[in-house]
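Before any comments, here is the structure.
Throughout, residue positions are numbered sequentially from 1 according to the sequence presented. Just so it is clear, the values below take in all heavy atoms, side chains as well, and ignore hydrogens, waters and symmetry mates.
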Amino acid sequence: MNGMVLIIDDEKKISSLLSRIIELEGFKTLQAGTGKEGLKLLKNNDVSIVISDVKLPDVNGVALVKDIKAIKPYVEVINLTAYGTIADGVLAIKNGGFDYLVKGDDNDKIIPLLYKAMDKSNLQRRVSDLESKIAKKHSFETIIGQSKALKEAIDLAKKVSATDTTVLLLGETGTGKEVFAQSIHYESPRAAKPFVALNCSGFSPDLLESELFGYKAGAFTGANKDKKGLLEEANGGTLLLDEIGEMNLDLQAKLLRVLESQTFIKVGDTLTQQVNVRILAATNKDLKADAASGKFRSDLYYRLSVFTIVLPPLRERKADIPALAKYYLKEFADKVNRSTPKMDDKILSILSDHSWKGNIRELKNVIERLVILSDGDTLSATALPPEFFEFAPIENDYNLQQIEKQHIQKVLIHTKGNKTETSRLLGIGLTTLYRKIEEYQIREV
């Protein structure tokens with residue numbers, strides 16, 4: 001079956017003939033005699049293409065295109081008319097129609113056109129499904145945790161997401177600032193447009209300006225052709241400026257212009273360009289203090305901080321650790337195609353007592369290591385990094401040296417004796433690893 005085609009035409013003979021021709025090609029068809037009846041069938045059936053007469057008893061078929069697209073944007077519409085006019089044809093396409101044909105003159109074109117329209121409709125469906133999955137993945141409902149501090153941050157983010165207000169996200173490294181930025185975007189009216197993130201700490205000042213604004217050919221050595229900046233890439237959508245506190249003062253002044261007028265100038269250009277973009281900013285710095293000391297422009301700070309959301313560190317939302325740990329446990333177990341191991345109360349207690357200086361990012365890395373190094377159906381506490389046992393209770397038949405020795409042995413087995421990779425996973429230097437191997441008389445893999 002090639003898909004479903006809805007034919008809207010009050011001339012029953014023409015509608016039935018067209019239906020038979022189309023069904024011979026393997027399509028399924030529905031028929032309606034009015035625009036109202038057609039829209040009802042459209043809502044209740046999995047239609048991919050609508051073939052509509054222009055002259056219908058209750059509505060103009062060209063105007064009907066807008067109503068069809070409003071109900072199902074992926075549906076392609078072909079208008080048919082006995083007396084075609086250029087004005088109608090132009091309006092049909094402008095309203096989102098796929099094509100406009102004159103009855104009788106274009107009988108040989110309808111089937112090839114139908115296949116082209118079906119290809120486009122199927123592509124639009126896939127894009128729409130992908131966008132829905134992305135939006136669902138980044139919705140506020142996917143943010144894990146029930147702690148009061150987190151809920152307060154989510155409530156604020158939900159309220160501001162429906163607006164175009166600039167938002168400043170504050171929080172330590174690894175607290176999920178980009179996750180919040182994505183949720184704000186995908187629950188905003190801009191959700192169908194791009195979300196673009198730029199880490200301001202990852203570039204030199206000159207490169208950061210080029211990334212943000214783009215450049216004209218010849219602006220500097222190596223600029224062989226015009227390049228779009230991320231402001232243009234995010235046009236209509238949202239731009240997250242992560243680690244905004246690392247941006248130099250000169251570039252801050254240019255960013256302020258974007259915030260105030262939605263205009264910018266490419267590097268090496270003299271022409272002003274207009275954009276429509278929402279700016280979100282994030283930092284782990286105290287921008288207010290930096291603004292007071294002159295390290296950050298105070299006018300930009302006040303423009304960015306119209307709406308500020310502070311994300312709590314993990315140590316202030318310890319009640320959320322079990323849920324986060326179990327979520328990442330399943331994710332990494334699925335990744336390596338193994339059943340999800342059990343996490344006993346001892347490990348949960350150790351995880352809850354940890355200081356988590358790296359916040360959620362650190363927790364995620366620790367869970368990944370646990371999945372790699374633990375054998376059997378239950379996670380082993382001995383697979384945790386050694387620093388976890390500094391304050392955690394240790395069973396009587398273990399001491400810290402024994403646990404450390406077993407941990408190193410497991411990592412060496414996992415890496416098949418690759419000491420460079422072992423030292424990376426353990427988070428220690430290669431020299432330290434060799435010393436530990438000798439000290440504990442660990443057998444080479």
Side-chain angles (χ1 to χ4, degrees), residues 135 138-201 212 230-231 234-247 249 251-264 275-293 295-314 316-317 359-360:
H138 296 298
S139 70
F140 288 111
E141 281 64 37
T142 62
I143 297 177
I144 300 166
Q146 296 295 319
S147 62
K148 183 182 177 183
L150 182 67
K151 282 186 172 181
E152 286 175 353
I154 290 173
D155 287 343
L156 285 174
K158 282 182 176 179
K159 288 176 182 176
V160 78
S161 63
T163 72
D164 262 346
T165 303
T166 303
V167 179
L168 179 61
L169 296 160
L170 300 177
E172 295 176 9
T173 298
T175 49
K177 297 186 287 294
E178 185 167 346
V179 170
F180 263 74
Q182 289 173 328
S183 296
I184 289 169
H185 169 75
Y186 285 107
E187 296 210 9
S188 78
R190 295 175 178 265
K193 299 295 182 180
F195 172 83
V196 178
L198 173 63
N199 190 323
C200 299
S201 66
L212 186 57
L230 295 185
L231 272 171
N235 193 28
T238 304
L239 175 63
L240 168 65
L241 296 174
D242 200 5
E243 302 301 344
I244 186 75
E246 303 299 327
M247 185 179 285
L249 293 171
L251 197 50
Q252 288 176 30
K254 294 177 181 179
L255 176 60
L256 184 62
R257 176 181 178 174
V258 176
L259 288 166
E260 291 178 342
S261 65
Q262 291 279 291
T263 61
F264 71 97
V275 285
N276 173 18
V277 64
R278 182 185 193 177
I279 302 290
L280 306 179
T283 184
N284 57 13
K285 288 190 168 187
D286 185 347
L287 278 196
K288 189 174 183 180
D290 284 353
S293 65
K295 294 177 183 177
F296 196 86
R297 288 183 66 105
S298 57
D299 49 3
L300 178 59
Y301 167 70
Y302 290 115
R303 187 66 181 80
L304 288 171
S305 61
V306 173
F307 201 97
T308 300
I309 300 174
V310 180
L311 303 190
L314 194 53
E316 291 179 10
R317 42 179 294 219
N359 293 291
I360 298 170

Is there a side chain to side chain contact (heavy atoms under 4.5 Å, CB included) between Leu198 and Met247 once you walk through the steps? CA-CA 11 Å; Leu198 173 63; Met247 185 179 285; over 6 Å; no

Using the test side-chain hydrogen bond (donor to acceptor under 3.5 Å, both in side chains), find all partners of [X] that sit at least two apart in sequence or belong to another chain.
{"X": "Ser161", "value": "none"}
{"X": "Thr165", "value": "Thr163"}
{"X": "Asn284", "value": "Thr173"}
{"X": "Asp155", "value": "none"}

Considering residues at least two apart in sequence or located in another chain, which fulfil the salt bridge (charged side-chain N to carboxylate O under 4.0 Å, His left out) criterion with [X]?
{"X": "Glu246", "result": "Lys285"}
{"X": "Lys151", "result": "none"}
{"X": "Lys158", "result": "Glu141"}

For Val196, side chain to side chain contact (heavy atoms under 4.5 Å, CB included) partners two or more places apart: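 Here the qualifying residues are Pro194, Leu230, Glu233, Ala234, Leu239.
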
Which residue pairs satisfy the salt bridge (Lys or Arg N to Asp or Glu O under 4.0 Å) criterion with at least one member in residues 160-186, sequence neighbours excluded?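 Passing the test, one end in residues 160-186: Asp164-Arg190, Glu172-Arg315.
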
Scan residues 252-262 for pairs that pass salt bridge (Lys or Arg N to Asp or Glu O under 4.0 Å), counting only residues two or more places apart or in two chains.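 Only Glu209-Lys254 qualify under salt bridge (Lys or Arg N to Asp or Glu O under 4.0 Å).
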
Tell me, please, which residues at least two apart from Phe195 pass ring-ring contact (aromatic ring centres under 6.0 Å, His included).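 Partners of Phe195 under the ring-ring contact (aromatic ring centres under 6.0 Å, His included) test: His185.
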
Donor-acceptor pair, distance only, cut-off 3.5 Å: does the side chain of Ser293 make one with the backbone of Asp290?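 A pair under 3.5 Å: yes.
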
List the atom pairs, donor and acceptor, that lie under 3.5 Å between side-chain atoms in residues 298-309 and the rest of the protein, sequence neighbours left out.
{"from": "Asp299", "atom 1": "OD1", "to": "Arg297", "atom 2": "NE", "distance (Å)": "3.0"}
{"from": "Asp299", "atom 1": "OD2", "to": "Arg297", "atom 2": "NH2", "distance (Å)": "2.7"}
{"from": "Arg303", "atom 1": "NH2", "to": "Leu259", "atom 2": "O", "distance (Å)": "3.0"}
{"from": "Ser305", "atom 1": "OG", "to": "Tyr301", "atom 2": "O", "distance (Å)": "2.7"}

